[in-house]
Structures are given as C-alpha cells and as structure tokens.
Amino acid sequence: MNRSKVKFAIEYGAGGLRDTTRIAASSAEMWRDICLTNRTAILGAPETVFAERFEEFERVVERAEADELIALF
C-alpha cells in the first residue's frame with residue numbers, strides 16, 4: 001500500500017481517537033447500531049488499510065520503538 005493511503009487513514013481516524021476509546025466501552029447494542037448505520041462505509045473500506053496499519057503497530061510495539069509508537073498516534 002502506498003504511504004499516502006496509509007497517511008490518509010491515520011489522519012482520518014486520529015481526530016476521533018478519544019471518541020473511539022470512549023465508545024469502545026459502550027454496550028453491544030450501541031456497537032450494533034453504529035455498525036448498521038455505517039454499513040456502507042464499513043463494507044467499502046479496503047481491509048488492507050487496516051491490516052497494514054495494525055501490522056505496523058504490532059511491529060513497533062514488539063520492538064519497543066517508543067518514538068515510532070508516538071509517531072503512530
């Protein structure tokens with residue numbers, strides 16, 4: 001995946017990190033409603049954007065790369 005797509009995905013999600021962590025503790029019913037409301041966007045998101053990002057996150061954590069971890073957030 002090219003870097004511009006990864007950067008876009010990071011920037012798109014970064015602003016909502018606080019809200020995302022807040023709703024992460026929400027009920028299963030709330031998550032159901034969120035997923036169903038955003039069904040088109042969820043189904044249209046290329047899985048490689050998320051998979052590659054999580055692989056990079058895992059690599060940084062595994063290697064204890066503190067500066068890189070900060071850069072990811």
Legend entry - Glu29 bridged to Arg32 by N-O distance under 4.0 Å: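 Salt bridge between Glu29 and Arg32, a charged N being under 4.0 Å from a carboxylate O: no.
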Using a 3.5 Å cut-off and no angle test, enumerate the donor-acceptor pairs between side-chain atoms of residues 62-72 and protein atoms at least two apart in sequence or in another chain.
from: Glu65; atom 1: OE1; to: Arg59; atom 2: NH1; distance (Å): 3.1

Enumerate, atom names and distances included, each donor-acceptor pair closer than 3.5 Å involving a side-chain atom of residues 34-46, sequence neighbours excluded.
from: Thr37; atom 1: OG1; to: Asp33; atom 2: O; distance (Å): 2.7
from: Asn38; atom 1: ND2; to: Ile34; atom 2: O; distance (Å): 2.8

Legend entry - Point-to-point distance, once rounded to the nearest 0.5 Å, from CD of Glu52 to CD of Glu55: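 It comes to 6.5 Å.
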